[in-house]
Amino acid sequence: MQLLPVLLLLLVPLLTSCLPLDCDYLYSEDRTRPSGVYTIYPMGGVSGVQVFCDMDSHGGRWTVFQRRMDGSVNFHRNWERYKVGFGNAAGEYWLGLESLFHLTQLKKNELLVDMEDFEGRKVYARYSSFSITPESDGYGVNVSGFVDGGAGDTLSRHDGQKFATFDKYQHAGPDNCARQFLGAFWYWRCYYPNPNGVYLWGADGSKYEVGVVWYSWKGTTYSLKSISMKIRPISFTCTHEHREGPG
């Protein structure tokens, strides 16, 4: 009877070490997993969060940390909400800066930004290196290695910028970009991408620069129908055998 508690103590570390860290981990265990909502554990066994795993685009294995698609979720949130996350992984959501930080520290990651306009055209921007710093450093973004998929390079100039919300602005300039453009992002001189802006309908002319914008593709006055930002490891680093996926 004394043996059972001892065995449980020995098994707990083994069980928690096998918890899925990201969508790449899930794919490596079963390549037939479809795209959909899964639970991952970027900060260990007590930190389960739901994410949408894109198992189809460019070889799959992508962990989606931001998604806009229908305007059902309000993205004009404060620092605390952007830190812990909000929304629904089955629809529109933001994973959370703290989870994203841990994901990008565990492995070296690349970034894919998929987007679509209201005319049905789809493009993407891809970056070979992406990570963010801890909260003590403002969750600053490190991004480089642009590959064009028709969207143009809107993000590279934001490399090194700290994250900003309307209640916590960390830019050296005089303007609170998050408040001015009703969003939250790694702003640089205010603009260029605003994926967390107000969900509008294309170039409806109602608001200037406050929409869901990717400047290098549609300019500052066109609000996209959809956009999603997702990461995956460049190389697999878990202890079990790596089965490399395509692309």
Side-chain angles (χ1 to χ4, degrees), residues 8-67 80-114 124 126-145 155 163 186 195 228-247:
L8 287 174
L9 286 172
L10 292 172
L11 283 172
V12 165
L14 294 174
L15 291 173
T16 56
S17 67
C18 293
L19 292 171
L21 301 173
D22 55 20
C23 299
D24 177 60
Y25 189 109
L26 289 164
Y27 177 88
S28 75
E29 293 185 322
D30 182 359
R31 289 189 180 188
T32 66
R33 290 183 190 271
S35 294
V37 177
Y38 297 89
T39 301
I40 61 170
Y41 298 84
M43 293 183 284
V46 297
S47 67
V49 291
Q50 287 197 319
V51 298
F52 188 88
C53 293
D54 179 352
M55 301 300 197
D56 300 306
S57 301
H58 305 278
R61 305 186 288 121
W62 299 98
T63 301
V64 178
F65 67 86
Q66 183 266 8
R67 187 160 69 155
E80 186 61 24
R81 295 314 304 167
Y82 270 94
K83 176 182 175 178
V84 302
F86 56 86
N88 186 331
E92 293 196 333
Y93 76 103
W94 174 265
L95 174 60
L97 288 163
E98 189 64 19
S99 291
L100 183 59
F101 162 68
H102 283 277
L103 284 172
T104 63
Q105 298 309 298
L106 292 168
K107 310 168 188 176
K108 292 182 178 180
N109 284 269
E110 60 179 320
L111 170 71
L112 177 65
V113 187
D114 281 326
Y124 68 88
R126 193 166 171 176
Y127 298 84
S128 62
S129 179
F130 176 85
S131 65
I132 68 170
T133 63
E135 184 178 18
S136 60
D137 191 46
Y139 291 124
V141 66
N142 299 299
V143 59
S144 60
L155 192 56
F163 200 82
W186 296 280
S228 61
M229 306 181 74
K230 56 198 81 172
I231 59 173
R232 73 176 176 190
I234 296 170
S235 60
F236 196 79
T237 58
C238 195
T239 53
H240 69 269
E241 182 183 358
H242 174 32
R243 290 165 283 173
E244 180 64 50

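All values below come from the heavy atoms of this structure, side chains included, with hydrogens, waters and symmetry mates left out.
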Would you check, one step at a time, whether the test side chain to side chain contact (heavy atoms under 4.5 Å, CB included) holds for T63 with N109?
CA-CA 10 Å; T63 301; N109 284 269; over 6 Å; no

Minimum-distance pair of heavy atoms, taken over all atoms of D114 and Y124:
OD1-CB, 3.3 Å

Tell me whether D30 contacts the main-chain N or O of T32 through its side chain, where contact means a donor paired with an acceptor under 3.5 Å.
yes

I want to check something: taking the side chain as every heavy atom from C-beta on, are C18 and Y25 in contact at a cut-off of under 4.5 Å?
yes

How far does CZ of R61 sit from CG of D22, to the nearest 0.5 angstrom?
9.0 Å

Please say whether the positively charged group of R67, taken as NZ for Lys or CZ for Arg, lies over the ring of F52, i.e. under 6.0 angstrom from the six-membered ring centre and within 45 degrees of the axis.
yes

What are the two closest non-hydrogen atoms of R33 and E29, and how far apart are they?
NH2-OE1, 3.8 Å

Between R81 and G96, is there a donor-acceptor pair closer than 3.5 Å when you use the side chain of the first and the backbone of the second?
no

Evaluate the side chain to side chain contact (heavy atoms under 4.5 Å, CB included) criterion for residues L112 and S57: first the C-alpha distance (whole Å), next the side-chain angles of each, then the deciding distance (0.1 Å), finally the verdict.
CA-CA 9 Å; L112 177 65; S57 301; 4.2 Å; yes

Is the backbone N or O of G60 less than 3.5 Å from a side-chain atom of R232, with the two atoms forming a donor-acceptor pair by type?
yes

Work out which heavy atom in L106 is nearest to a heavy atom in P42; give both atom names and the distance.
CD1-O, 3.8 Å

Going through the distances and angles, do L19 and T39 end up as a side chain to side chain contact (heavy atoms under 4.5 Å, CB included)?
CA-CA 9 Å; L19 292 171; T39 301; over 6 Å; no

Take H58 and R126 through the test side chain to side chain contact (heavy atoms under 4.5 Å, CB included) and record every step on the way to the result.
CA-CA 10 Å; H58 305 278; R126 193 166 171 176; 3.8 Å; yes

Going from CG on L103 to OH on Y41, what distance comes out if it is rounded to the nearest 0.5 angstrom?
14.0 Å

Heavy-atom distance under 4.5 Å between the side chains of V84 and L97, does that happen here?
no

Within the distance-only criterion (no hydrogens, no angle test), does the side chain of T133 pair as donor or acceptor with the backbone N or O of G140 below 3.5 angstrom?
yes

Worked check of side-chain hydrogen bond (donor to acceptor under 3.5 Å, both in side chains) between D56 and S35
CA-CA 7 Å; D56 300 306; S35 294; 2.6 Å; yes

Answer with yes or no after comparing the ring centroid distance for F130 and F65 against a 6.0 Å cut-off, counting only values under it.
yes

Close side-chain approach of E135 to F101, heavy-atom, < 4.5 Å:
no

Strictly distance-based, threshold 3.5 Å: is any side-chain N or O of W94 a donor or acceptor partner for the main-chain N or O of Q66?
no

Ignoring hydrogens and geometry beyond distance, is a side-chain donor-acceptor pair present between Q50 and Y93 at under 3.5 Å?
no

So do the side chains of L21 and H102 get within less than 4.5 Å of each other, counting heavy atoms only?
no

For M43 and S99, which heavy atoms make the closest approach, and how far apart are they?
CE-OG, 3.8 Å

Is any side-chain heavy atom of K108 closer than 4.5 Å to one of S129?
no

About how many Å separate CD1 of I234 and CD of E110, when rounded to the nearest 0.5 Å?
6.0 Å

On a heavy-atom basis, the closest approach of V64 and S228 is CG1-CB, 4.4 Å

Ring-plane angle category for W186 and F163, please: parallel below 30°, perpendicular beyond 60°, tilted otherwise.
perpendicular

Between K230 and D54, does at least one N-O distance fall below 4.0 Å, as a salt bridge requires?
yes

For the CG atom of L95 and the CD1 atom of I40, what is their distance to the nearest 0.5 Å?
6.0 Å

